[in-house]
Q: 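Pasting a structure below so you can have a look.
So that the names make sense, note that chain A is the first sequence line, chain B the second, and so on, each numbered from 1.
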Number of protein chains: 2
Amino acid sequence: MSEVESFFKSAFSVDNVIFGFDEGELKILLIQRGAAPYKGKWALPGDLVYPNEDLDDAAERVLEQLTGLRGVYLEQVKTFGSVNRHPLGRVITIAYFSLVNVSNYTVTPASFAQLAKWHRLSDVKDLAFDHNEILDSCLKRLKRKVRTAPLGFELLPPKFTLSELQQLYDSVLDLPKKLDKRNFRKKILSMGFLVECEEVQEGVPHRPAKLYSFDKEKYEQFLNEGYVFDL
Amino acid sequence: MSEVESFFKSAFSVDNVIFGFDEGELKILLIQRGAAPYKGKWALPGDLVYPNEDLDDAAERVLEQLTGLRGVYLEQVKTFGSVNRHPLGRVITIAYFSLVNVSNYTVTPASFAQLAKWHRLSDVKDLAFDHNEILDSCLKRLKRKVRTAPLGFELLPPKFTLSELQQLYDSVLDLPKKLDKRNFRKKILSMGFLVECEEVQEGVPHRPAKLYSFDKEKYEQFLNEGYVFDL
DNA sequence: TGCTATGGTGTGAAAAATACAATAAGTCCT
DNA sequence: AGGACTTATTGTATTTTTCACACCATAGCA
């Protein structure tokens with residue numbers, strides 16, 4: 001084998017940390033591997049990138065095969081390429097995270113998985129490959145990004161209450177002290193891109209909360225006026 | 001060729017955006033390509049990753065071959081993998097940026113280059129491959145990172161004046177208004193990890209400035225007390 | 001010695017962040 | 001109908017941070 005050929009004895013994959021928000025908590029979607037290596041272990045959903053496929057497309061494909069969802073928020077985080085990270089050869093992987101709204105779809109295990117299931121973050125341990133490290137990086141990235149970009153909304157249904165939104169931030173940021181309710185509402189409403197729907201919660205055994213939704217146009221306007229999202 | 005084999009008809013490279021600060025300006029080190037494709041064009045220094053080489057090691061190697069420097073600040077930024085980004089095959093590239101102190105070394109063009117030269121950012125245009133896009137990503141990253149981590153010092157000699165430091169920030173951030181001198185000094189000194197050397201500038205035709213240096217231990221202490229670097 | 005260039009310093013006003021608690025609007029139960 | 005329960009909603013006073021701003025000091029040099 002020539003020297004040049006040896007450079008091409010390698011492959012790349014994408015792995016996707018899929019975040020969801022359910023039961024008041026941040027969760028991630030893991031698959032149980034159906035094939036060696038690490039057969040039976042929990043792992044991040046991922047796949048090799050096809051020869052004629054862009055990286056972002058591959059990450060979208062993995063997500064769609066698993067959830068049926070398209071057009072959700074997806075962000076490249078970091079590439080992991082230790083020489084021995086994959087037991088079968090030189091495979092580097094490009095890690096992505098995505099944010100999905102758990103309520104409106106059902107998980108259908110793709111070909112590469114026996115089983116797919118939502119996990120609470122605190123229950124996750126001992127994943128296949130270097131996936132724990134990948135998860136850490138993505139979680140760290142998420143924590144930063146939710147404070148500097150209006151991403152939280154991607155994890156909620158189109159209409160949500162301010163309490164749900166705050167609970168989401170409390171869960172994602174996992175700070176020693178919860179955010180102050182009054183200050184949180186003041187701040188997020190003052191940015192002016194949450195619009196009050198003409199609706200309230202239904203079926204709750206207490207005072208129903210107003211529903212709000214994220215107005216993308218108003219957010220663009222907010223940016224154009226020179227402001228920055230910052231929580 | 002089997003389907004599995006086709007996944008391995010690919011390679012990966014690293015590309016390095018090397019930032020330096022000289023003549024009061026932010027600069028980047030580019031090479032003029034000595035071989036096809038894009039022979040003669042200016043490009044980011046980069047190379048294929050060896051089969052038994054970690055990604056970070058490859059980025060360090062590229063930097064060292066070009067500058068002779070080791071142990072400088074290096075950070076992975078993003079991976080670029082469009083199907084057609086490389087005319088000779090499927091090659092994805094992992095982009096890094098590094099920060100070097102221009103004053104203490106000389107550039108020695110490596111094997112992959114005819115010529116290496118520092119460029120002012122405003123003079124850079126029409127690089128080989130997708131290197132303009134890579135540069136944009138790295139510059140954006142640098143602008144964010146210098147405000148949230150004590151990276152600026154990596155671009156300066158060990159002893160520097162506060163004016164030099166501010167000039168560096170003005171140059172990197174490139175804001176419509178320069179930073180205010182008094183507020184800048186107040187803020188950076190209040191963090192307490194810049195220590196005054198027992199020296200002043202020499203050979204300047206005006207009042208000589210005090211020299212300061214970055215004290216890593218004091219910075220750790222600053223972090224342990226729960227503070228965050230933020231400019 | 002005076003001209004020129006950059007170094008170095010403090011204060012007041014405005015804006016933003018923070019801490020904090022009482023009333024409102026529903027359901028559920030008796 | 002009334003009371004208990006649960007979560008929703010709202011404002012103010014204090015502290016902290018940010019911002020705007022101008023003058024004297026100290027060196028080299030002619």
Q: Name the nucleic acid region contacted by Ser163(B), choosing base, sugar-phosphate or nothing; use a 4.0 angstrom heavy-atom cut-off, strictly under.
A: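 Sugar-phosphate, no base atom in range.
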Q: Check every strand shown and say whether Lys210(A) touches a base, only sugar-phosphate, or nothing at a heavy-atom separation below 4.0 Å.
A: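 The answer is sugar-phosphate, as Lys210(A) gets under 4.0 Å only of primed atoms, P, OP1 or OP2.
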Q: Let me check something: any side-chain donor-acceptor pairs from residues 124-133 of chain B under 3.5 Å, sequence neighbours excluded? List them with distances.
A:
unit_1	atom_1	unit_2	atom_2	d
Asp126(B)	OD1	Lys41(B)	NZ	3.1
Asp126(B)	OD2	Lys41(B)	NZ	2.7
Asp130(B)	OD1	Arg85(B)	NE	3.4
Asp130(B)	OD1	Arg85(B)	NH2	3.0
Asp130(B)	OD2	Arg85(B)	NE	2.8
His131(B)	ND1	Leu44(B)	N	3.0
Asn132(B)	OD1	Leu127(B)	N	2.8

Q: Regarding Lys181(B), tell me which of base, sugar-phosphate or nothing describes its non-hydrogen contacts under 4.0 Å with the strands shown.
A: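 The residue Lys181(B) makes base contact.
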Q: Show, in sequence, the C-alpha distance, side-chain angles and deciding distance for Phe153(B) and Phe160(B), and conclude whether the ring-ring contact (aromatic ring centres under 6.0 Å, His included) test is met.
A: CA-CA 9 Å; Phe153(B) 313 106; Phe160(B) 49 85; 5.7 Å; yes
Q: Return the set of residues passing salt bridge (charged side-chain N to carboxylate O under 4.0 Å, His left out) with Asp123(A) (not counting sequence neighbours), or none when no residue passes.
A: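 Testing Asp123(A) for salt bridge (charged side-chain N to carboxylate O under 4.0 Å, His left out), a comparison that skips the adjacent residues, returns Arg120(A).
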Q: With sequence neighbours excluded, give me every side-chain hydrogen bond (donor to acceptor under 3.5 Å, both in side chains) pair touching residues 139-155 of chain A.
A: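 Only Glu75(A)-Arg141(A), Glu75(A)-Lys145(A) qualify under side-chain hydrogen bond (donor to acceptor under 3.5 Å, both in side chains).
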Q: Using a heavy-atom cut-off of under 4.0 Å over every strand shown, decide if Lys186(A) touches base, sugar-phosphate, or nothing.
A: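 Base, at least one base heavy atom under 4.0 Å.
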Q: Please enumerate all residues that pass ring pair (Phe, Tyr, Trp, His ring centres under 6.0 Å) together with His206(A), with sequence neighbours excluded.
A: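 By the ring pair (Phe, Tyr, Trp, His ring centres under 6.0 Å) rule, His206(A) matches no residue at all.
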Q: Using a strict heavy-atom distance below 4.0 Å, which residues from residues 196-209 of chain B are in contact with DNA chain D?
A: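 Result for residues 196-209 of chain B: Val204(B), Pro205(B), His206(B), Arg207(B), Pro208(B), sorted by number.
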Q: For Asn183(B), which residues count as a side-chain contact (heavy atoms from CB on, under 4.5 Å) partner, sequence neighbours excluded?
A: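 Testing Asn183(B) for side-chain contact (heavy atoms from CB on, under 4.5 Å), a comparison that skips the adjacent residues, returns Asp180(B), Lys186(B).
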Q: Just to verify, what does Lys181(B) make a side-chain contact (heavy atoms from CB on, under 4.5 Å) with, not counting sequence neighbours?
A: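 Only Gln166(B), Arg185(B) meet the side-chain contact (heavy atoms from CB on, under 4.5 Å) criterion with Lys181(B).
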Q: Quick one: how far along DNA chain D does chain A reach, first to last nucleotide 5' to 3', anything under 4.0 Å to a heavy atom?
A: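 Span of nucleotides near chain A: dT6(D) to dT12(D).
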Q: What range of DNA chain C does chain B touch, first nucleotide to last, counting atoms under 4.0 Å from its heavy atoms?
A: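 Terminal contacting nucleotides, 5' to 3': dA5(C) to dT11(C).
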Q: Under the salt bridge (charged side-chain N to carboxylate O under 4.0 Å, His left out) rule, collect the residues that match up with Lys27(A), sequence neighbours excluded.
A: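 Counting only residues at least two positions away or on another chain, Lys27(A) forms a salt bridge (charged side-chain N to carboxylate O under 4.0 Å, His left out) with Glu23(A).
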Q: Can you give me every donor-acceptor pair (side chain of residues 207-221 of chain A, partner residue at least two apart or in another chain, under 3.5 Å) with its distance?
A:
unit_1	atom_1	unit_2	atom_2	d
Asp215(A)	OD1	Glu217(A)	N	3.0
Asp215(A)	OD1	Lys218(A)	N	3.0

Q: Can you name the side-chain contact (heavy atoms from CB on, under 4.5 Å) partners of Asp54(B), sequence neighbours left out?
A: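 Here the qualifying residues are Ser82(A), Val83(A), Asp57(B).
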